[in-house]
Amino acid sequence: MKLKEQLLGMTDRRSGPGFVFFSGPCCYSFFSEERFFMFNKILVANRGEIAVRIIRACSELDERTVAVFSEVDRESLHVKFADGAICIGPAKSSESYLNISSLISAVEVVDADAVHPGYGFLAESAAFAEVCENSGIKFIGPSSHVIRLMGNKILAKKEAEKAGVPVLPWSERPLKDEKEAIEVSREIGFPLIIKAASGGGGKGMKLVHTQASLGSAFHMARREALGAFGDAEVFIERYCERPRHVEIQVVADEHGNVIHLGERECSIQRRHQKIIEESPSPVVDEELRKKMGEAAVRLVKAIGYTSVGTVEFLVDKDKNFYFMEMNTRIQVEHPITEMVTGIDLVKEQIKIAAGRRLSLKQSDVRMKGHSIECRINAEDPKTFAPSPGRITELYVPGGPGVRVDTAIYCGYTVPAHYDSLIAKLVVHAETRGDAIKRMTRALEEFRIGGIKTNIPLHIEVMKDHDFIAGNINIDFLSRFS
Amino acid sequence: MKLKEQLLGMTDRRSGPGFVFFSGPCCYSFFSEERFFMFNKILVANRGEIAVRIIRACSELDERTVAVFSEVDRESLHVKFADGAICIGPAKSSESYLNISSLISAVEVVDADAVHPGYGFLAESAAFAEVCENSGIKFIGPSSHVIRLMGNKILAKKEAEKAGVPVLPWSERPLKDEKEAIEVSREIGFPLIIKAASGGGGKGMKLVHTQASLGSAFHMARREALGAFGDAEVFIERYCERPRHVEIQVVADEHGNVIHLGERECSIQRRHQKIIEESPSPVVDEELRKKMGEAAVRLVKAIGYTSVGTVEFLVDKDKNFYFMEMNTRIQVEHPITEMVTGIDLVKEQIKIAAGRRLSLKQSDVRMKGHSIECRINAEDPKTFAPSPGRITELYVPGGPGVRVDTAIYCGYTVPAHYDSLIAKLVVHAETRGDAIKRMTRALEEFRIGGIKTNIPLHIEVMKDHDFIAGNINIDFLSRFS
Amino acid sequence: MDLKDIKALYRFLKSTDIVELEVEDSRGRVRVKRAEAVSEEAVRIVTPAAPVEEKKEREEAKEEKSNIKTITSPMVGTFYRAPSPDAPPFVELGSKVKSGQVVCIIEAMKIMNEVESEFTGKVVAVLVENGQPVEYGEPLFNVEVE
Amino acid sequence: MDLKDIKALYRFLKSTDIVELEVEDSRGRVRVKRAEAVSEEAVRIVTPAAPVEEKKEREEAKEEKSNIKTITSPMVGTFYRAPSPDAPPFVELGSKVKSGQVVCIIEAMKIMNEVESEFTGKVVAVLVENGQPVEYGEPLFNVEVE
């Protein structure tokens with residue numbers, strides 16, 4: 001795979017897994033007369049299923065793509081599907097997918113003018129977004145300023161409060177010392193949570209039940225925060241017992257138009273990692289959806305956010321909702337929103353980055369039916385140990401209402417170096433009950449040989465009485481281990 | 001594969017292609033308390049993708065299925081996916097899938113109480129439906145009476161006229177002799193078409209341009225009709241030049257409720273075989289849709305039709321529409337209607353057969369977005385010669401808005417004995433333009449190694465200016481050969 | 001695998017000229033390297049596990065060579081060994097049958113279809129219970145041909 | 001596979017002149033080496049798949065045996081053979097290079113990164129044109145080591 005050949009013969013790169021593609025010239029040449037290029041080339045700064053997802057969106061928009069890959073990803077599907085590809089480093093992410101200078105250099109040598117960061121890796125790196133901004137490269141996402149603002153949980157909470165979005169009672173500032181922590185704890189009460197200002201996604205949290213343990217927990221939290229995020233700032237927040245995790249998808253263009261696309265229920269988690277998501281949520285009614293949606297839109301407008309994004313909330317048993325954090329990128333679970341709204345979020349994101357106006361008003365958004373996503377991980381379903389290796393057999397389910405987003409193919413080797421997510425199985429049906437049945441059917445059809453996956457766990461959940469009844473919260477999965 | 005083992009161990013039959021299924025007991029046991037069985041077991045009297053489609057619908061409805069297979073279909077996907085399976089004869093369809101006594105006998109020995117005929121084979125056999133009715137087996141489709149009525153094109157046209165559905169000027173009776181044919185031709189004018197009363201789907205037609213050739217054409221048509229359908233009755237109809245083929249999907253329950261689900265544009269045909277279908281049609285506007293839909297519903301109500309069905313029309317360049325025939329079964333192209341309406345037609349069909357009422361009113365039906373289906377055939381894209389054989393490589397496209405209905409898997413051998421349709425690639429997107437782009441992208445991802453397919457032809461069509469502009473009629477494909 | 005196993009394996013290897021051995025499981029990888037030996041016999045490489053089809057072929061081959069023939073069901077239906085519930089079976093284990101002789105009945109759609117033997121010989125196996133459903137092509141009897 | 005199996009396998013191998021056997025499953029990889037000729041040629045049956053890695057290994061093996069070493073690009077960037085447009089190239093075809101000597105520049109993000117040879121020897125091939133983009137790991141020069 002010579003870079004020069006790729007750069008010359010862009011249209012010939014669309015070759016399939018394992019064998020050469022047989023069709024004639026690609027669509028670009030045909031549509032060239034009428035094509036309006038939003039970008040010259042988009043560099044997809046990611047791997048796996050999200051890289052494939054982005055390349056598919058670009059292909060449908062007639063935008064040309066360049067994939068990046070580490071040495072172990074040479075045979076990956078995103079490399080095969082993109083119009084061009086460039087090796088950016090060795091397997092270790094810090095030297096390839098997380099290497100900002102390597103990526104920027106790749107953008108320059110392939111003559112790209114935009115970067116799509118996907119999720120994970122550099123998607124929420126304000127530094128990366130900033131380098132892009134300073135290099136005249138369009139970062140397909142919000143501004144570095146907003147990423148940085150929402151990346152700090154203390155600043156984010158303050159913005160939410162300013163925008164009139166409910167938050168859980170909290171210290172309202174970073175805590176300097178143990179004494180301050182004890183003072184604050186008197187107002188907030190126990191149990192409480194100590195969180196890292198630079199944490200997020202459940203990382204860097206300490207649950208404290210009594211004042212006796214507050215001191216040591218405070219010091220430990222600071223030490224861990226410094227180690228993990230290079231920032232010792234922590235704050236205190238009231239603990240919300242067995243909450244649901246519900247998030248609102250927002251879409252904002254660069255002309256001040258902001259809409260929300262309803263909620264996603266993400267309470268089925270293992271160690272703060274979402275495993276199963278659905279939309280709509282079984283607890284959110286039209287009124288609550290309106291309130292949460294409007295709150296999310298207020299925050300987005302207040303901070304001047306553009307691109308697609310997600311405002312995460314905790315919902316307690318009395319249907320009170322509290323701002324938790326904002327994810328300034330496309331989410332893993334975006335397909336379920338696409339299924340119920342019929343809107344292609346990745347295409348929207350690219351169009352917004354090109355300066356286009358939203359084509360929809362809030363009143364045009366209609367949620368139809370019910371969608372569920374199961375994250376298929378390469379892991380032992382009992383021990384949750386990662387299970388990389390070669391895929392020797394593959395049957396991907398199909399038929400009505402089934403969507404599979406994956407980068408695997410028969411013969412592909414799942415590398416040990418990256419996230420264990422290998423496929424997203426998404427279904428859509430008229431009702432939640434129908435969607436659960438459809439998911440069960442699709443999971444039972446799915447065959448991945450050569451590695452272990454968590455498909456059996458998903459089947460168990462789909463047959464669980466509480467899940468079927470919608471009785472779920474973030475502790476739901478604990479009884480499955 | 002011992003029948004007895006299958007019948008005993010129904011829940012263990014859900015094994016995958018190539019390797020053993022790893023999950024625990026199937027959903028039946030779990031749901032048994034709350035499950036309402038519509039039928040004891042449904043025998044799926046078909047093969048290929050439609051058998052898989054029906055089994056998937058049954059599985060999602062918690063209905064148990066028994067597959068039937070000929071000796072060459074032992075390793076077919078429908079056999080692997082059904083709860084049970086039974087060999088009904090040798091490869092030759094007349095001795096297996098078309099063998100009524102073998103099928104009825106299979107129903108009896110497996111203790112099924114309903115039969116789903118799919119499409120093709122015995123789906124429109126009034127005789128088969130009648131035997132089922134007389135044996136106390138529920139035929140999942142309309143009554144044998146209605147099948148017989150619509151199977152005769154002369155009676156069907158008369159019913160349409162009675163119901164106030166427009167028809168092309170025609171002889172209004174079977175023609176006894178050449179003299180009568182000449183008389184009728186004076187009223188109707190040339191060019192005209194001679195059609196067989198028992199024909200259908202484009203079979204048994206003669207186009208006549210001048211009176212000079214009418215006599216010989218008349219005799220030839222009678223001779224051919226007798227040979228092909230065992231019935232020499234023919235009639236004359238005005239020829240409609242370069243029409244579009246547009247059909248209306250209807251759904252009718254056993255309680256007199258009838259709705260239509262809009263139209264399907266099926267003008268892209270090769271030798272009267274549909275290749276590409278889409279919904280909505282690029283020429284049908286809201287007004288025409290309403291008129292055609294109401295006409296179809298009138299006919300359905302007039303003849304007392306129940307189950308899902310399709311009323312086919314020719315639409316001329318001035319948007320006049322004329323009844324052509326009615327298909328009294330589920331159609332190959334039903335998925336595009338499912339994509340735009342969100343309604344699962346096969347589930348509806350089964351529920352109707354179980355006596356359930358339609359849950360939707362006409363005003364609840366909303367068409368959203370645009371859907372296209374490409375029929376993937378195992379054939380040489382240039383010569384159209386069938387290309388059976390072993391599938392050595394397979395990559396099935398996925399991602400947003402892509403649905404694949406197929407019975408193939410990697411390692412499967414496409415037998416030479418049956419129809420060459422091996423997969424239906426269906427896309428759904430917000431607009432027709434988006435759907436064409438999405439179909440192109442999906443076709444370019446699709447890889448089927450070991451046999452030839454018509455995928456390259458489909459890619460050509462998707463890039464054709466006239467297709468993109470919606471300028472299509474039933475002669476469209478002729479310039480692609 | 002513990003020390004005992006390893007010792008046993010070593011004792012065995014010592015008695016051979018194997019200089020390298022690699023085993024991996026399950027169902028994967030065997031590697032053997034011997035010191036150079038001289039033998040003129042042909043090398044036969046059997047590739048593993050060509051599943052169903054090959055087995056079937058082999059079975060058929062075996063059948064052809066042996067004098068055991070199988071009577072199969074010509075249709076889907078219910079298998080009956082006797083013309084009526086109280087009548088004796090058409091054939092018993094060990095019975096002699098002639099080509100054309102009725103050996104059982106398959107009931108299909110309330111019609112009793114007599115099945116005739118294509119072979120002359122001795123019934124050596126009855127493969128289906130009386131009253132059981134059978135599918136097309138299902139083996140019913142084995143007959144040892146003279 | 002237990003000792004019994006290994007013994008059975010060995011009995012078979014003993015009856016042959018196979019000196020090396022490698023089996024892997026399922027449906028993949030069989031490798032047999034017979035004593036036969038004194039020439040070291042092996043019977044190599046290459047079952048499909050795993051092309052890239054194997055090829056790479058073989059290439060590496062070849063490289064190791066030969067004295068031709070390759071200098072590869074340590075980063076993505078633009079390849080320059082000289083420190084400035086009018087300066088002479090760092091190395092020419094046939095130049096002697098020493099380990100640690102600068103052989104080219106890769107420009108990445110406007111920064112000129114000097115690439116040093118890891119080998120001492122003679123440049124026998126220049127693999128990229130001046131001013132061309134290169135990816136990580138792309139071969140730049142072949143060096144014949146003494």
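Sequence lines set the chain letters: A, B, ... in the order given, protein chains first and strands last, and positions in each chain run from 1.
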> chain B heavy atoms under 4.5 Å from A/Lys424: which part of the residue, side chain, backbone, both or neither?
Replying inline: neither
> chain A heavy atoms under 4.5 Å from B/Ile408: which part of the residue, side chain, backbone, both or neither?
Replying inline: backbone
> Quick one: does A/Leu358's side chain get under 4.5 Å of A/Ile259's, heavy atoms only?
Replying inline: yes
> What part of B/Thr341 is in contact with chain A, defined as an atom under 4.5 angstrom from a non-hydrogen atom: side chain, backbone, both or neither?
Replying inline: backbone
>> Could you walk me through whether B/Arg53 and B/His334 satisfy the side chain to side chain donor-acceptor pair (under 3.5 Å) test, starting with their C-alpha distance in whole Å, then the side-chain angles of each, then the deciding distance to 0.1 Å, before giving a yes or no?
In response: CA-CA 11 Å; B/Arg53 172 71 187 90; B/His334 76 274; 3.2 Å; yes
>> Which one wins on heavy-atom pair count under 4.5 Å against chain A: B/Arg56, B/Arg438, B/Arg403?
In response: B/Arg56
>> Given heavy-atom pairs under 4.5 angstrom as the criterion, report whether the side chain, backbone, both or neither of A/Pro400 touches chain B.
In response: both
>> Quick check against the 3.5 Å criterion: does A/Asp344 have a side-chain atom that pairs as donor or acceptor with the backbone of A/Val346?
In response: yes
>> Please determine whether a side-chain nitrogen of the Lys or Arg among A/Lys452 and A/Glu379 lies less than 4.0 Å from a carboxylate oxygen of the Asp or Glu.
In response: no
>> Which one wins on heavy-atom pair count under 4.5 Å against chain A: B/His428, B/Lys347, B/Glu338, B/Glu49?
In response: B/Lys347
>> So if I apply the side chain to side chain contact (heavy atoms under 4.5 Å, CB included) rule between A/Met439 and each of A/Val427, A/Ile459, A/Asp434, A/Val402, which one comes out positive?
In response: A/Val427
> Between A/Val396 and chain B, which part of the residue has a heavy atom less than 4.5 Å away: side chain, backbone, both or neither?
Replying inline: neither
>> Looking at B/Phe467, I'd like to know if the NZ or CZ of B/Arg432 sits under 6.0 Å from its six-membered ring centre while staying within 45 degrees of the ring's axis.
In response: yes
> Does B/Gln331 reach the side chain of B/Glu277, with side-chain heavy atoms less than 4.5 Å apart?
Replying inline: no
> Is chain B contacted by the side chain of A/Leu457, its backbone, both, or neither, given a heavy-atom distance below 4.5 Å?
Replying inline: neither
> Which region of A/Thr392, side chain (C-beta onward) or backbone (N, CA, C, O), has a non-hydrogen atom less than 4.5 Å from a non-hydrogen atom of chain B, or is it both or neither?
Replying inline: neither
